[in-house]
J.: 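Next up is a structure, given as structure tokens.
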There are 2 protein chains.
Amino acid sequence: MAVTIYDIAREAKVGIGTVSRVLNNSPKVTSETRDRVVTVAKRLNYQPHAFAQALARKRSNTLSAVIPFFTNYFFIQVLQGVQETLAAVGYDLIIHGANTQLQLEEYLDHSMRKGRVDGTLLFSLTLPDRFADFFLEKKNPLVLVDTYHPLFDSIRVDNTEGAKKATEHLLSLGHRTIGMMNANLNSVPARERLLSFKETMNVHGVEVQDEYIINSSYTKNDGFSREAGYEGMLEFLRRGVKLPSAFFVSSDIQAIGMIAALRENNIHVPEDIAIVSFDDIELAKYFNLTTMQQPMFNMGELAVKKMLERIENPSAPISSINFTPTLVVRSSCGANKNFVLNDNR
Amino acid sequence: MAVTIYDIAREAKVGIGTVSRVLNNSPKVTSETRDRVVTVAKRLNYQPHAFAQALARKRSNTLSAVIPFFTNYFFIQVLQGVQETLAAVGYDLIIHGANTQLQLEEYLDHSMRKGRVDGTLLFSLTLPDRFADFFLEKKNPLVLVDTYHPLFDSIRVDNTEGAKKATEHLLSLGHRTIGMMNANLNSVPARERLLSFKETMNVHGVEVQDEYIINSSYTKNDGFSREAGYEGMLEFLRRGVKLPSAFFVSSDIQAIGMIAALRENNIHVPEDIAIVSFDDIELAKYFNLTTMQQPMFNMGELAVKKMLERIENPSAPISSINFTPTLVVRSSCGANKNFVLNDNR
DNA sequence: GTTTTCTGTGGAAGGGCTTTCAGGAACTTA
DNA sequence: TAAGTTCCTGAAAGCCCTTCCACAGAAAAC
């Protein structure tokens, strides 16, 4: 059987209380007894029993992450930030896939077992109100990433600022007929990005032409998909409208689909049309997309930090942090034709 | 405080043992008392305390996965198989990132806490022998994915068969001068794929020319990287050797780098040179790579099933399963110019 | 030298569950 | 009707830890 503190206590001729104190670095132990206990523990190759600890401490040093992580690359990178930060402080991470709102509710209904985790990280999906109460009542900390709820800490990307910067980049390059390839307006980011695009155009006195706004009707991934970009552009071309000189695209993955559709029609990027997109997923590099970079790793990192703070201090005021995306210039808008080839991860 | 079985026992006027039996579907309870208990449990919104259960049952219904999952797309997809299969049987998944052998040993040394998980899934990294004993002694089930050790269950891809099929595909298209862009020979898959490539060529009576074999000296990701493919090809071109008519490339990601290098030198795929690679990561679709598909989702799924079997029956004979990759024909070897555009996930 | 304070220590209690064990009630069998 | 079975149930023990409480002995104060 496994070694327990009783074994150590016996061998070191001390009480179990003392053993526990030594192992938890309590100061109230003579260095002499401490040494004795440490030596025995090492000799027996003692490993504390995580569950017993969690039961006694009412704390598990474990977080759960609910992630639609199979949908795109965004989550993988956020997850990396989460996991590295967590590993550094000795926390474990339990992963739950929930690709749709439905799956989220299912998870929340069935598997959300109290006592299991010290906190929950919810990614991208919208927290249904009936569960808000649940988290509040149970005092189970919840941190939202890439989504928002007024009663919980959240970490997001500033879509308004990002879309503004992207649009201004295009404007600064001299483009005056600019379209927007958008995702499904059901999604909050899609709405925010569109709004900001229009406003920025207005501010700069450049007319927004409605026929150049392509909103997606795809529901899968809210239209943030290669397919949506591909079909959207194909349909746009079918309409026979004259092409604008540039497009702001609401995600890299759509831009990739869109480029394929353009290429099939012998329209080239950036020679014939400029593109700025959003996200800076790993693929963006391979397709030379000029894009608005979301600091995904940092978001994951920060989410964990927020969570740890919240666990320490449950009554701290709720905070909502916005990351501002930064423009990464590659060659898809012609601003810079230098092909950056470094495979930096 | 949270609702416990004591609360239920009191309200339902039964003993705690009976409550526990009801909740665990023990048959030795009258349907009358069962109903009474179930009703109360529901009314109080009882949730079993996972840690207390784990402590009492000596079973946690939790698996840990040690994954170098930030290195490439392979793992994400395997992980998806793992997580979905696990969710279906009510298991939790704890994720640990370990990108190098060193990090693996660190994890094994520090964090491998007995009692925490029912089993461990180790991906791609090589299990150091000193830890083999550890798992054996502790009777902590271990299943290896994409790696091998004689004393544990493992699930792999048949590199030999895959390289053979890839090479034969090229041969069947009439190619007679075929090169191989390989990863670092330190890695087992790289060695296996090279060996099989050579053998297949021999079997078909086609000469292998050493100057057409490019082995990578990159250590990062064992040369399974875009950079390795890019630089490898650039250096090859610099040598001024006449190009073979086709290349077998040991991974998609290398092929993508290689294609970039070729393009810069005005060499086009598949017009000037044919390429078959290995893996079928999601990117492969976007680059139209003809490639050997590894059934990643299925591997994850099977890994979990094996693990569950192993937990049920610790003394079952050790099994080692080889998946045979299947050829996915796209346009990179000219065999099929139909661009498949579906964004199927 | 006596009383008070302080330190370090042992061990019981408690955390929430499963499981074993013993016993009461209902039922058979002689 | 007594003895033997069967079935269900309650309660205690155990899983392994942390923490609280009490106490002995040393140190400090008087």
J.: Strictly below 4.0 Å: does B/Tyr46 bring a side-chain N or O up to OP1 or OP2 of C/dC17?
T.: yes
J.: What are the residues of residues 30-45 of chain B, sorted by number, that bring a heavy atom to within less than 4.0 Å of DNA chain D?
T.: B/Thr30, B/Thr33
J.: Here's a test of your reading of the structure: between B/Gly17 and A/Tyr6, which maps to the more 5' nucleotide of DNA chain C?
T.: A/Tyr6
J.: Can B/Arg59 and B/Glu312 be counted as an ion pair, charged N to O under 4.0 angstrom?
T.: yes
J.: Of the options C/dG16, C/dT9, D/dC16, whose atoms approach the side-chain atoms of A/Arg21 most closely?
T.: C/dT9
J.: Counting any heavy atom closer than 4.0 Å, what does A/Thr4 reach on the DNA or RNA strands: base, sugar-phosphate only, or nothing?
T.: sugar-phosphate
J.: With heavy atoms under 4.0 Å as the rule, sort B/Leu23 into base, sugar-phosphate or nothing.
T.: nothing
J.: Of the nucleotides C/dT18, C/dG15, C/dG11, which has the atom closest to the A/Lys58 side chain?
T.: C/dG15
J.: Could you label the plane-to-plane angle of the A/Phe152 and A/Phe135 rings as parallel, tilted or perpendicular, counting under 30° as parallel and over 60° as perpendicular?
T.: perpendicular
J.: If you measure only the distance, is there a donor-acceptor pair under 3.5 Å linking the side chains of B/Thr147 and B/Thr126?
T.: no
J.: For D/dG10, does either OP1 or OP2 sit under 4.0 Å from a side-chain N or O belonging to B/Thr18?
T.: yes
J.: Is any side-chain N or O of B/Gln53 closer than 4.0 Å to OP1 or OP2 of C/dT18?
T.: yes
J.: Estimate the overall bend of the helix from C/dG1-D/dC30 to C/dA30-D/dT1 from the end axes over five pairs each, rounded to 10 degrees.
T.: 50°
J.: Please check this pair: side chain of A/Arg36 against backbone of A/Ala12, looking for a donor-acceptor N/O pair closer than 3.5 Å.
T.: yes
J.: Could you check B/Val14 against B/Arg57 and say which one's nearest nucleotide on DNA chain D is further toward the 5' end?
T.: B/Val14
